[in-house]
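Residue numbers run from 1 in the order of the sequence given. Please read these numbers as outputs of a predicted model, since none were measured by experiment.
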Amino acid sequence: MAEAAAGGVEYVPAVLEETGQSAAGMIPAAPAAFATANRNGVPVEQVLRTSVIRAKQAVGAGASVYGALLQARKFLDVAVPSLIADADRGAVQASIASTNVAGYVRMLNPPSCRRCIPLAGKWFRWNKGFQRHPGCDCRHIPVAENRAGDFTTDPYEMFNSMTEAEQNRIFGKANAQAIRDGGDIWQVTNADARERHRPYKGRRRPTLDELYSQAGGSKARAVELMREHGYITGAQQLRQQVERFASPVSVAPRPGSARERVLAARASGVRDPLDRATMTAEERRLFDAVYRREYARRNGVVPRSVGPNSADVVSGSRGIPLTPSRWAELDAAVQRQISQIDTSRPEGGELWSLADALGLNDDRADIVHERLYSQMLDRFRTSTAQRGFGLAEALRSL
């Protein structure tokens, strides 16, 4: 674990140099600090001793000595590589925090699983924990934006690089076919996860297997059903296979979509500071708190979502009635986010810039909100019309 952490420390400046970024100010992490416990702070000895517990539990359940030891070995086969990989990743993330780099991109280390592939290329702020499962071997790329230019940072490049048999094995036959047919890889994998972990019965979204059965062999009908139930969205893949065994073709993102704006910001290195789609999670928390407060100030109700949504348009709902206690909560939420601004950094860093753009520094928040809501409404109208939700009449009332 210490050696892996040492390698992680060396990795950060090497990658920054290779990608044309500065490692100035980096304070190397202490490798030994990452060799004492797992990512949850549990001592290594205690983690490894779990294998003994597993063996004893197996004996208690009637397993032979060989069977019990096999259970212990299966645990160690996953736990040991995970400990080593987490030591490496921990040292990398600690080292990134001391540089001028704002975050990292998640990079696959093929072969990868269906839980990791959809996360490839996703940008995270430097203090966002690395999501991983036991045995995960994905890596960080310290960077302000996705510059890797490699299939290991693009879920669809990764998907299309596999054979059809590999796609079916990793994602499941129905899910893989849905992605090949143009399904959004995030919607498909998330729906599959929700269905496998559903703790209750009742109304639910049809599974892909059920939709393909309903389609009766018609690909056009299958695509229509997937779109109807949200498996194909405006954020669907940039590269997809139109027909089985066909070569991947480039498909432009829907005009005006969040994905198009994110890609444009990445390509140009310039973004609209008030475009929520291009914000970090930290920026969105401040943005959302201000949006809710200013919406309530303007309309006398608390919004149910940040920006217009189809459900409220159809129902005619403007939000939840505003009360003095709710107003106090909204204002406290804004103040709590403002308190997160690091004034020790030059001009307060990105959050300070966002606060300025939101008009918080000179009491223009209500004016900025009016422009913001108008912009969000225009995008919502365009998006709804392109997705064919049939809300034209309701939209005219807005």
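- V306 places a side-chain heavy atom less than 4.5 Å from the side chain of M376.
- E283 is not listed as a side-chain neighbour of P273, based on a closest heavy-atom distance of 4.5 Å or more.
- Across every non-hydrogen atom of A91 and A5, the tightest pair is CB-O, 3.3 Å.
- The heavy-atom pair separating F75 from V47 by the smallest distance is CE2-O, 3.3 Å.
- Judged by distance alone, the side chain of R284 and the main-chain N or O of A277 form a donor-acceptor pair under 3.5 Å.
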Please evaluate residues I338 and Q335 with respect to the criterion side chain to side chain contact (heavy atoms under 4.5 Å, CB included), reporting the C-alpha separation (whole Å), side-chain torsions for both, the decisive distance (0.1 Å), and the verdict.
CA-CA 5 Å; I338 290 176; Q335 300 306 321; 4.1 Å; yes
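- L354 and L330 are assigned to two separate hydrophobic clusters, defined by single-linkage of ILVMFWY side chains at heavy-atom distances under 4.5 Å.
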Is there a side chain to side chain contact (heavy atoms under 4.5 Å, CB included) between D88 and Y11? Walk through the geometry before answering.
CA-CA 9 Å; D88 171 49; Y11 166 82; 5.5 Å; no
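- Residues F287 and L274 come closest through the heavy atom pair CE1-O, 3.8 Å.
- Y156 contributes a side-chain N or O that, together with a main-chain N or O of I185, makes up a donor-acceptor pair within less than 3.5 Å.
- Between the OG atom of S82 and the CG atom of L76 there is a distance of 11.0 Å, given to the nearest 0.5 Å.
- Counting only heavy atoms from C-beta outward, the side chains of V92 and V15 never approach each other to under 4.5 Å.
- A side-chain donor-acceptor contact under 3.5 Å links Q177 and R180.
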Determine, stepwise, if the pair R276 / D288 fulfils side chain to side chain contact (heavy atoms under 4.5 Å, CB included).
CA-CA 9 Å; R276 190 175 184 274; D288 293 356; 2.8 Å; yes
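- The minimum heavy-atom distance between I170 and C113, with the atom names listed, is CG2-C, 4.0 Å.
- The two residues S112 and M158 make their nearest non-hydrogen contact at N-CE, 4.3 Å.
- The shortest non-hydrogen separation linking V59 to A68 is CG2-CB, 3.6 Å.
- Taking the charged nitrogens against the carboxylate oxygens, E294 and R297 do have a contact shorter than 4.0 Å, which makes a salt bridge.
- The hydrophobic cluster containing W327 also contains I320, counting ILVMFWY residues as joined when their side-chain heavy atoms lie under 4.5 angstrom apart, directly or transitively.
- Hydrophobic clustering (side-chain heavy atoms under 4.5 Å, transitive across Ile, Leu, Val, Met, Phe, Trp, Tyr) keeps Y373 apart from L322.
- Both V80 and V42 are members of a single hydrophobic cluster when ILVMFWY side chains are connected at heavy-atom separations under 4.5 Å.
- For the side chain to side chain contact (heavy atoms under 4.5 Å, CB included) test, residues two or more places apart in sequence or in another chain that qualify with K74 are L70, Q71.
- Note on V9: it does not cluster hydrophobically with F34, by side-chain heavy-atom contacts below 4.5 Å among ILVMFWY residues.
- In this view, D86 and R89, R132 satisfy the salt bridge (charged side-chain N to carboxylate O under 4.0 Å, His left out) rule, not counting sequence neighbours.
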Taking it one step at a time, do L286 and L360 satisfy side chain to side chain contact (heavy atoms under 4.5 Å, CB included)?
CA-CA 11 Å; L286 173 60; L360 298 179; 4.3 Å; yes
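- In this structure, Y291 contributes its side chain and G307 its backbone to a donor-acceptor pair below 3.5 Å.
- Enclosure of atom CZ in R73 is not indicated, since only 12 or fewer non-hydrogen atoms of other residues, nucleotides or ligands lie within 6.0 angstrom.
- Here the side chain of N299 pairs no donor or acceptor atom with the backbone of V301 at under 3.5 angstrom.
- A 4.5 Å side-chain heavy-atom check between M1 and V44 finds at least one atom pair inside the cut-off.
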Applying salt bridge (charged side-chain N to carboxylate O under 4.0 Å, His left out) to E166 and R169, what does each step give before you reach the verdict?
CA-CA 5 Å; E166 289 173 331; R169 176 177 59 80; 5.2 Å; no
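- In terms of the salt bridge (charged side-chain N to carboxylate O under 4.0 Å, His left out) criterion, D356 has no residue partners (sequence neighbours excluded).
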